[in-house]
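Here you go, one structure.
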Amino acid sequence: MSVPLETIKPKVRELRAYSLKPYRASIKLNQNENPFDLPRAVKEEVMRRISERAWSRYPEFIPASLLKRLSDFSGWPYEGLLAGNGSNELIQALLLVTLGQGKRVLVCEPTFSLYRQIATVLEADVSGVRLTAELGFDVSGLRRAIREQQPEVTIICSPNNPTGCVISDEDLSMLLSESRGLIAVDEAYHEFAQHSVVGLLGEFKNLVVLRTFSKAMALAGLRVGYLLGDPEIVQQIAKAVLPYNLNVVSQTAATVAIEMYATELRPLIEEIIGERERLFIALQKIEGLDPVVSRANFMVVRSTCDPKRVFSELLDRDILIRDVSSYPMLESYFRVSVGTPQENDLLIGALRQIFS
């Protein structure tokens, strides 16, 4: 008798699915979202444009209007851009066209777990280089791993999720020079770091950059991402993206967000950066907590108290954070997203009570 489950790859059956437990709280600081909703002026312009379009028709096969805006916005040629249903779809497409049995991907750890999960589903070999004791990138370790293993793809999240560290252009240039494979830099949070590696694309054809509208651009609910790279590489990655992958609402919202970025979105990003610094200083002053410097819109915090207990006690106070103590190197840490000023005040007050 056949067992249908046995048709699934053994390594996939062994995987723990990427998921998030459905906790609910009024103050939601667990998913690195923009705490400010998309400004009303942007929403109204999006709805105006959508209402004038026939919903019975497919979106553009290639979202040319959006790609043109992205080209102007990023300073990278139209032909080297690919838009997707969130940057996660584009990470998957990149790995689909590069990985398989006998292929290797290199990641930094701890980092976004989806990289390892997709690579494992594709039956690739995954190896990791731990961050330094200070939770920064171990560039020497990465160089050594690239020289010895020659991976098809190396993935660097910068700023890194969940630690917030950033790789410098100089260090990345060394890695690109020594790698025969692609190096993908996930810049999901680059706006908060006020730093991007896109300037290196013209020099290194093996560099691919991934970005999203879910974080700084306040469009997490609409799922828009984009990939930048050498046009010949992008042409190959595009073969793994499904047709009509980006719906009309998402395309329109991303286009309007770019057009109104300077007046509507950049001021909110600057406020989040300011709140990050204020939150960091406040947590430093709480005995029992040791926040780690971050260039993103979140930070990990070392705790003398069990992070699971901190998570539970904050949830009792209607505040939801992320327990990251199961990540490598982060057994004593939890992660908090930067909220609105009012949310951050409530978080600080609650942590003072817990650690008093």
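None of these values were measured; they are calculated from a predicted model. Numbering starts at 1 and runs along the sequence shown.
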Exercise for the section: For the pair S71 (side chain) and K68 (backbone), establish whether a donor and an acceptor sit closer than 3.5 Å, ignoring hydrogens and angles. Expected result: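 Flag not set: sc S71 to bb K68 has no pair under 3.5 Å.
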Practice task
Flag the pair V105 / E152 as yes when at least one side-chain heavy-atom distance between them is below 4.5 Å, and no otherwise.
Solution key: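 SC-SC contact between V105 and E152 ruled out.
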Exercise for the section: Please report the closest heavy-atom contact between F36 and N34, naming both atoms and the distance. Expected result: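 Heavy atoms only, the tightest pair is N-OD1, 2.9 Å.
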Handout entry: Exercise: identify the closest heavy-atom pair between E275 and P341
Key =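 Looks like OE1-CA, 3.3 Å.
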Exercise for the section: Might you confirm whether atom CZ of R180 has over 12 heavy atoms from other residues, nucleotides or ligands at distances under 6.0 Å? Expected result: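 Result for CZ/R180: enclosed.
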Exercise for the section: Using a 4.5 Å cut-off on heavy atoms from C-beta on, say whether the side chain of F213 contacts that of L222. Expected result: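 Counting from C-beta outward, L222 and F213 never come under 4.5 Å.
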Practice task
Run through N161, N160, T163 and flag the one making a side-chain hydrogen bond (donor to acceptor under 3.5 Å, both in side chains) with T111.
Solution key: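 Per the side-chain hydrogen bond (donor to acceptor under 3.5 Å, both in side chains) rule, the option paired with T111 is N160, out of N161, N160, T163.
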Problem - Same apolar cluster: L227 and V107, side chain cutoff 4.5 Å - result: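 Yes; V107 is reachable from L227 via cluster members.
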Practice task
Decide yes or no on side-chain hydrogen bond (donor to acceptor under 3.5 Å, both in side chains) for S196 and E187, but give the supporting numbers first.
Solution key: CA-CA 7 Å; S196 173; E187 287 195 335; 2.9 Å; yes
Practice task
Using a cut-off of 6.0 Å, state whether more than 12 heavy atoms not belonging to Q101 lie near its atom CD.
Solution key: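 Counting neighbours around CD of Q101, 12 or fewer heavy atoms of other residues, nucleotides or ligands fall under 6.0 Å, so no.
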Problem - Heavy atoms from other residues, nucleotides or ligands near CZ of R309 exceed 12 (cutoff 6.0 Å) - result: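 Atom CZ in R309 is not packed in, count stays at 12 or less.
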Exercise for the section: For the residue pair F355 and T304, establish whether any side-chain heavy-atom pair is separated by less than 4.5 Å. Expected result: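 Yes; the side chains approach each other to less than 4.5 Å.
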Exercise for the section: Check whether any side-chain N or O of N297 sits under 3.5 Å from a backbone N or O of N32 as a donor-acceptor pair, and report yes or no. Expected result: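 Confirmed, N297 side chain pairs with N32 backbone.
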Exercise for the section: Would you check if R317 and I354 make a side-chain contact, meaning some heavy-atom pair closer than 4.5 Å? Expected result: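 A side-chain contact exists here, since the closest heavy-atom pair is under 4.5 Å.
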Problem - Minimum-distance pair of heavy atoms, taken over all atoms of L66 and A254 - result: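 Taking every non-hydrogen atom into account, CD1-CB, 3.8 Å.
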Exercise for the section: Answer yes if L67 and V249 sit in the same cluster of Ile, Leu, Val, Met, Phe, Trp and Tyr residues linked by side chain heavy atoms under 4.5 Å apart, and no otherwise. Expected result: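 Result: yes, single cluster for both.
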Problem - Any donor-acceptor N/O pair, T154 side chain to I183 backbone, under 3.5 Å - result: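 Checked: no pair found.
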Handout entry: Side-chain donor or acceptor of Q251 paired with backbone N/O of L246 under 3.5 Å
Key =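 Side chain of Q251 to backbone of L246, a donor-acceptor pair under 3.5 Å: yes, one is there.
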Practice task
Dump the intermediate steps for side-chain contact (heavy atoms from CB on, under 4.5 Å) on I269 and I273, then the final yes or no.
Solution key: CA-CA 6 Å; I269 294 168; I273 293 171; 4.2 Å; yes
Practice task
Using the six-membered ring wherever Trp is involved, compare the ring planes of F192 and Y189 and label them parallel, tilted or perpendicular (cut-offs 30° and 60°).
Solution key: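 Geometry flag for Y189 against F192: tilted rings.
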Problem - Validation row: F280, S294 side chains within 4.5 angstrom (heavy atoms) - result: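 Contact flag for F280/S294 side chains = no.
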Exercise for the section: Please determine if E259 and R49 form a salt bridge, counting it only when a charged side-chain N lies under 4.0 Å from a carboxylate O. Expected result: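 Salt bridge present between E259 and R49.
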Handout entry: Transitive ILVMFWY side-chain link L94 to L201, under 4.5 Å
Key =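 Hydrophobic grouping puts L94 apart from L201.
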Handout entry: Under 3.5 Å donor-acceptor, W76 side chain and L70 backbone
Key =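 Flag not set: sc W76 to bb L70 has no pair under 3.5 Å.
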Practice task
Taking the side chain as every heavy atom from C-beta outward, state whether I155 and L95 have any pair of such atoms under 4.5 Å apart.
Solution key: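 They are in contact (side-chain heavy atoms under 4.5 Å apart), so the answer is yes.
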Practice task
Would you please test R335 and I321 for side-chain contact (heavy atoms from CB on, under 4.5 Å) and show each step?
Solution key: CA-CA 6 Å; R335 189 190 73 194; I321 63 166; over 6 Å; no
Practice task
Over all heavy atoms of both residues, which pair between P159 and G164 is shortest? Give the atoms and the distance, please.
Solution key: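 Looking at all heavy atoms of both residues, the shortest contact is CB-O, 3.9 Å.
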Problem - Pairwise distance CD1(I348) to CD1(I286) - rounded to 0.5 angstrom - result: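 I348 CD1 to I286 CD1: 7.0 Å, rounded to 0.5 Å.
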Handout entry: Joint hydrophobic cluster, L99 plus F112, side-chain heavy atoms closer than 4.5 Å
Key =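 Result: yes, single cluster for both.
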Exercise for the section: Drop me the distance from D186's CG to S158's OG, to the nearest 0.5 angstrom. Expected result: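 It is 9.5 Å, given to the nearest 0.5 Å.
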Handout entry: L175 and I167: CA distance, side-chain angles, deciding distance, side-chain contact (heavy atoms from CB on, under 4.5 Å) verdict
Key = CA-CA 11 Å; L175 299 178; I167 192 163; 3.9 Å; yes
Exercise for the section: To the nearest 0.5 Å, tell me how far L210 CG sits from I91 CD1. Expected result: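 Result: 5.5 Å between the selected atoms.
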Problem - S312 side chain to K308 backbone, donor-acceptor under 3.5 Å - result: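 It does not hold such a pair.
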Problem - Residue pair L228 / V234, side-chain heavy-atom distance below 4.5 Å - result: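 In short, these two side chains do not touch, never coming nearer than 4.5 Å.
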Handout entry: Smallest separation among heavy atoms of A350 and L314, with atom names
Key =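 Heavy atoms only, the tightest pair is CB-CD2, 3.6 Å.
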Practice task
Answer whether the closest heavy-atom distance between the side chains of K215 and F298 falls below 4.5 Å.
Solution key: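 SC-SC contact between K215 and F298 ruled out.
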Problem - Parallel, tilted or perpendicular: rings of F61 and Y244 (30°, 60°) - result: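 Taking F61 first and then Y244, their aromatic rings stand perpendicular (interplane angle over 60°).
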Problem - Value rounded to 0.5 Å, distance of CG in L142 from CG in D171 - result: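 Going from the CG atom of L142 to the CG atom of D171 covers 9.0 Å.
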Practice task
Check V248 against T252 and note the closest heavy-atom contact, atom names and distance.
Solution key: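 Shortest heavy-atom separation between V248 and T252 comes out as O-OG1, 2.8 Å.
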Handout entry: Salt-bridge criterion met for R48 and E44 (N-O under 4.0 Å)
Key =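 Salt bridge flag = no for E44 with R48.
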Handout entry: Atom NZ of K205 with >12 non-hydrogen neighbours under 6.0 angstrom
Key =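 No.
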Practice task
Determine, step by step, whether I156 and C108 satisfy the side-chain contact (heavy atoms from CB on, under 4.5 Å) criterion, reporting the C-alpha distance in whole Å, the side-chain angles of both residues, the deciding distance to 0.1 Å, and the verdict.
Solution key: CA-CA 6 Å; I156 299 171; C108 303; 4.3 Å; yes
Problem - E109 (side chain) donor-acceptor with R130 (main chain) under 3.5 angstrom - result: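 Not at all, since once roles are kept as given, no pair shorter than 3.5 Å links the two residues.
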Handout entry: Point-to-point distance, once rounded to the nearest 0.5 Å, from OG1 of T132 to CG of D138
Key =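 One finds 7.0 Å between OG1 of T132 and CG of D138.
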Problem - Rounded distance (nearest 0.5 Å) linking atom CD1 of I272 with atom CD of E191 - result: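 One finds 10.0 Å between CD1 of I272 and CD of E191.
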Exercise for the section: Using a cut-off of 6.0 Å, state whether more than 12 heavy atoms not belonging to R147 lie near its atom CZ. Expected result: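 Counting other residues, nucleotides and ligands, CZ of R147 exceeds 12 neighbours.
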Practice task
Check for a donor-acceptor pair, side chain of N30 on one end and backbone N or O of L320 on the other, with a separation under 3.5 Å.
Solution key: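 Not confirmed, N30 side chain does not pair with L320 backbone.
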Handout entry: Short side-chain to backbone donor-acceptor contact, N344 and R276, under 3.5 Å
Key =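 Between the backbone of R276 and the side chain of N344 there is no qualifying donor-acceptor contact (under 3.5 Å).
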Practice task
Take S214 and R223 through the side-chain hydrogen bond (donor to acceptor under 3.5 Å, both in side chains) test and state the conclusion after the steps.
Solution key: CA-CA 6 Å; S214 294; R223 311 300 296 128; 2.9 Å; yes
Exercise for the section: Is it possible for you to say whether I237 and V209 belong to one hydrophobic cluster, with membership spreading through side-chain heavy-atom contacts below 4.5 Å? Expected result: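 Not linked; separate clusters.
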Exercise for the section: Kindly say whether L176 contributes a backbone atom to a donor-acceptor pair with the side chain of N206 at under 3.5 angstrom? Expected result: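 Yes.
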Practice task
Decide side-chain hydrogen bond (donor to acceptor under 3.5 Å, both in side chains) for K103 and T98; before the verdict, give the C-alpha distance in whole Å, the side-chain angles of both, and the deciding distance to 0.1 Å.
Solution key: CA-CA 8 Å; K103 303 295 184 180; T98 53; over 6 Å; no
